[in-house]
Protein chains: 2
Amino acid sequence: MKHKATSFDIAYKAGVSQSTVSRALRNSPLVNEETRKKVQAIAKELNYKVDKNASNLRSQHTGTLALLLFEDPTMDDSLINPFFLSMLGSITRAAARKGYDLLVSFQQLSEDWHADYEDASKADGIILLGYGDYTDYEEKLIKLHEQGTHFVRYGAVAEGQPGVSFGCDNFHGGYLATKHLIELGRTKFAFLGGADDSCPEFWSRYQGHCKALEEAGLEIRKDCQVNAISTEESGFNAAKQLMELDCEFDAVMGASDMIAIGGMRAFQEHGLKIPEQVAVVGFDDIPISHFTNPPLTTIQQNTKLAGEMLVEALVNLIHDIEVKASLTPAKLVVRKSCGCA
Amino acid sequence: MKHKATSFDIAYKAGVSQSTVSRALRNSPLVNEETRKKVQAIAKELNYKVDKNASNLRSQHTGTLALLLFEDPTMDDSLINPFFLSMLGSITRAAARKGYDLLVSFQQLSEDWHADYEDASKADGIILLGYGDYTDYEEKLIKLHEQGTHFVRYGAVAEGQPGVSFGCDNFHGGYLATKHLIELGRTKFAFLGGADDSCPEFWSRYQGHCKALEEAGLEIRKDCQVNAISTEESGFNAAKQLMELDCEFDAVMGASDMIAIGGMRAFQEHGLKIPEQVAVVGFDDIPISHFTNPPLTTIQQNTKLAGEMLVEALVNLIHDIEVKASLTPAKLVVRKSCGCA
DNA sequence: CTGAAAGCGCTTACAG
DNA sequence: CTGAAAGCGCTTACAG
């Protein structure tokens, strides 16, 4: 590669000082209009670009945000949770709109990630995605918070969490989905997915589910809840387990779309008709849920909004503007698996 | 945030010079074992992390790779081409394995992206993804190449392209898919997707498709090819157009899975049975194709391999090791839409 | 409005 | 094996 142009080269060509070049390029009001134009023209001609490392080093900020995605280490290399992927898309764009670059990193649950980013001055702040298992991370989150690292997370939102959290209104989503099924006349519900505090998001969904049941005077049958993590296979296995239990059901809520989709496969392999014999709803509204057979009724998380909120909050945090946790609305998307559309 | 530790702080605490700290931290063989241990212990204690901006500035490389994803500006914010997403996953991991960070950026086709990355010394090299329309970018690619920028791209691989390109063996994939349908007894083929050099990847697939037809002595009916871009909607529209043509068909190849999936919807809405009346194959093997109704027979692109090759090639390029373009194998994945499994 | 100078926190010849 | 010094390419007080 040829010699890269520096601000000194431009200064020389323009007959001004290097300081003036620096100012002109950043549109400082201190610099004369004509000088600015001349400098910018020469910069363009020389294909000059400010050296980020130098400017970041000097000004002590990076102009980049780090996105840390957490995943189960068991997952196949190319199989990222589709929901995260759509968040990734909206976060990338939101960051770009705010003028930030995005550093993306997939973290295994075991790695010692906690200090790698902002401390290494690679990023001004961190976005954390995929902490289903919040409790496992609590300690690290607290440490991050103590260090004064700027970070926001997306996931379960609860009282007393360190840092700023955003998340979908999981409780209301679980409520909405279940209520919809009840209105369609279903009465015997099963739930596929973890329902305890080891997976706070699923738990909130489950609690919303239970609330709808209660309101309708329907029995909450704890034994019709089967644990599952958010994969098709886990949903499939959970559904098989459910069918072996002594538990009649005409409606099933999956704690996520992937679980619901795996569940549908198990039911269908078992000869159960969806939605006639079993109504199924999921949660997330990942793209796949349009295309399943039957298409999956689900709760949409507004990933676009969430991505924007996350980025905006983080940028505010970086600028020491106060920010508070909030919930993104959950929206029912009715398709055929619930027996309605 | 508290005062961040620098190498001088460590030097002071360890009673050595700052140069020695720097060396010790990078495991230089020049430094005494004991000194090294002491320095590293103190660094850990102070939660010290090398300032990337400073070290990059000094050593003139960044340790990061930039991934530029090109997309149609018409697409919805959260709807990234699922195929790219899976490439993204495997590239991120491959980069991490090689010790590089990954900067991700979505580019609109209109933007002046070409010099923004390596020139700004944000990245040592660039990975380009999503140039379906190679011809539109030729000029920019040439410019990048001339500048000596390190880059690799994934997409159509052709003679005389600037830089290093990787891609799926699209021709063979188109051939395989079509041959499979022929062996199942289909004789009247239609093709959904662009079939000219404005979209070189689809074109190669089409040519492979035609070769299989020729080999089998089947007629190539140019009028049964309908243009489409890689979205469900475009596939849907193309299929509707096809049905309005005076063109009988019992087998349809979609230039991509999204096209095939949209096509299936159109056929089914029109009352055609898949695969009984129309066999359908796609291309890409995106996750959705497992879950369509019927599940889609398709050609798998090995995204994991591709991601690894891309990163490895780019890293070699950065170290001035020669690298040449190559193709990733195409593999037939038989599911139900072809009427076989 | 402009310039000379300092300095961000490292790495790396150079000298010992 | 270690240290003193230079310098990567900027930004930003400071002085005019």
Side-chain angles (χ1 to χ4, degrees), chain A residues 1-40 42-43 46-64 99 117-124, chain B residues 1-40 42-43 46-64 115 117-124:
Chain A
M1 190 156 25
K2 295 161 238 157
H3 166 74
K4 216 178 63 183
T6 71
S7 52
F8 283 94
D9 299 327
I10 298 178
Y12 177 78
K13 265 209 143 182
V16 297
S17 74
Q18 182 268 337
S19 335
T20 301
V21 170
S22 173
R23 282 190 277 255
L25 260 18
R26 280 171 303 116
N27 291 313
S28 159
L30 289 174
V31 73
N32 180 294
E33 177 65 16
E34 247 174 82
T35 319
R36 214 197 65 214
K37 280 195 176 153
K38 186 163 66 173
V39 167
Q40 293 190 338
I42 294 174
L46 296 182
N47 199 25
Y48 170 81
K49 290 277 153 28
V50 174
D51 184 302
K52 277 288 169 188
N53 288 132
S55 72
N56 291 344
L57 173 58
R58 181 54 233 248
S59 52
Q60 297 292 299
H61 65 74
T62 67
T64 108
Y117 280 82
E118 204 183 45
D119 285 350
S121 33
K122 288 178 188 172
D124 296 332
Chain B
M1 190 159 21
K2 294 159 235 157
H3 166 73
K4 215 178 62 182
T6 72
S7 51
F8 283 95
D9 299 328
I10 298 178
Y12 177 79
K13 265 209 148 185
V16 297
S17 74
Q18 183 266 337
S19 335
T20 300
V21 171
S22 173
R23 280 191 279 257
L25 259 19
R26 280 170 304 116
N27 289 312
S28 160
L30 288 174
V31 74
N32 180 294
E33 178 64 19
E34 248 174 79
T35 320
R36 214 198 64 213
K37 280 195 175 151
K38 185 163 67 174
V39 168
Q40 292 190 339
I42 294 173
L46 296 183
N47 199 25
Y48 171 80
K49 289 276 151 34
V50 173
D51 185 302
K52 278 287 169 189
N53 288 133
S55 72
N56 292 344
L57 174 57
R58 182 53 234 248
S59 52
Q60 296 293 297
H61 66 76
T62 66
T64 109
Y117 281 82
E118 205 184 43
D119 285 352
S121 31
K122 287 178 187 172
D124 296 331

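Sequence lines set the chain letters: A, B, ... in the order given, protein chains first and strands last, and positions in each chain run from 1. Bear in mind the structure is a predicted one, so any value in this text is a computation, not a measurement.
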>> Does the structure show a Watson-Crick or G-U wobble partner for D/dA4, both distances under 3.5 Å? Name it, or say none.
In response: none
> Does A/T20 put a side-chain nitrogen or oxygen below 4.0 Å from OP1 or OP2 of C/dC1?
Replying inline: no
>> D/dT2, OP1 or OP2 - any side-chain N/O from B/R23 closer than 4.0 Å?
In response: no
> Are B/S19 and D/dT2 close enough that a side-chain N or O sits under 4.0 Å from OP1 or OP2?
Replying inline: no
>> Using whole Å, what does the distance between atom P of nucleotide D/dC10 and atom OH of A/Y12 come to?
In response: 18 Å
>> With nearest nucleotide decided by heavy atoms, which residue, B/N32 or A/S55, maps closer to the 5′ end of DNA chain D?
In response: B/N32
>> Looking at every heavy atom in both A/N27 and A/Q40, which two are closest together, and how far apart are they?
In response: OD1-NE2, 3.1 Å
>> I need the CG-P distance between A/N56 and C/dG9, as an integer number of Å.
In response: 13 Å
>> Strictly by Watson-Crick or wobble contacts shorter than 3.5 Å, is anything paired with D/dA13, and which nucleotide is it?
In response: none
>> Measuring to OP1 and OP2 of C/dA4, would you say a side-chain N or O of A/S17 lies under 4.0 angstrom away?
In response: no
> Nearest nucleotide by nearest heavy atom, which residue falls closer to the 5' end of DNA chain D, B/S59 or B/R36?
Replying inline: B/R36
> Could you give the NZ-to-C1' distance, from B/K49 to C/dG9, as a whole number of Å?
Replying inline: 16 Å
>> Ignoring hydrogens, what is the shortest heavy-atom contact between A/D124 and A/T62? Give both atom names and the distance.
In response: OD1-N, 2.7 Å
> In whole Å, what is the span from the CG atom of B/L46 to the C1' atom of C/dG9?
Replying inline: 15 Å
> Looking at the side chain of B/A54, which of C/dG9, C/dT2, D/dG9 is the nearest nucleotide?
Replying inline: C/dG9
> How many Å lie between CG on B/N53 and P on D/dG9, as a whole number?
Replying inline: 14 Å
> Are any of A/T35's side-chain N or O atoms less than 4.0 Å away from OP1 or OP2 of C/dT2?
Replying inline: yes
>> Other residues, nucleotides and ligands only: do more than 12 of their heavy atoms fall within 6.0 Å of CD on B/E33?
In response: yes
> Which atoms form the tightest heavy-atom contact between B/Q18 and B/S7, and what is the distance?
Replying inline: NE2-OG, 3.1 Å
> Where the side chain of B/L57 is concerned, which of C/dC10, C/dT2, D/dC8 is the nearest nucleotide?
Replying inline: D/dC8
>> Could you tell me how far apart A/Q60 (CD) and D/dA13 (P) are, to the nearest whole angstrom?
In response: 13 Å
> Which of the following nucleotides, C/dC10, C/dG3, C/dA5, is nearest to the side chain of B/D51?
Replying inline: C/dC10
> Are B/S22 and C/dT11 close enough that a side-chain N or O sits under 4.0 Å from OP1 or OP2?
Replying inline: yes
> Atom CG of A/L30 and atom C1' of D/dT12: how far apart are they, to the nearest Å?
Replying inline: 11 Å
> Do you know the tightest heavy-atom contact between B/A24 and B/V31?
Replying inline: CA-CG1, 3.9 Å
>> Measuring to OP1 and OP2 of C/dT11, would you say a side-chain N or O of B/R26 lies under 4.0 angstrom away?
In response: yes
> Out of A/L30, A/T35, A/L25, A/N32, which one pairs with A/T20 under the side-chain contact (heavy atoms from CB on, under 4.5 Å) rule?
Replying inline: A/T35
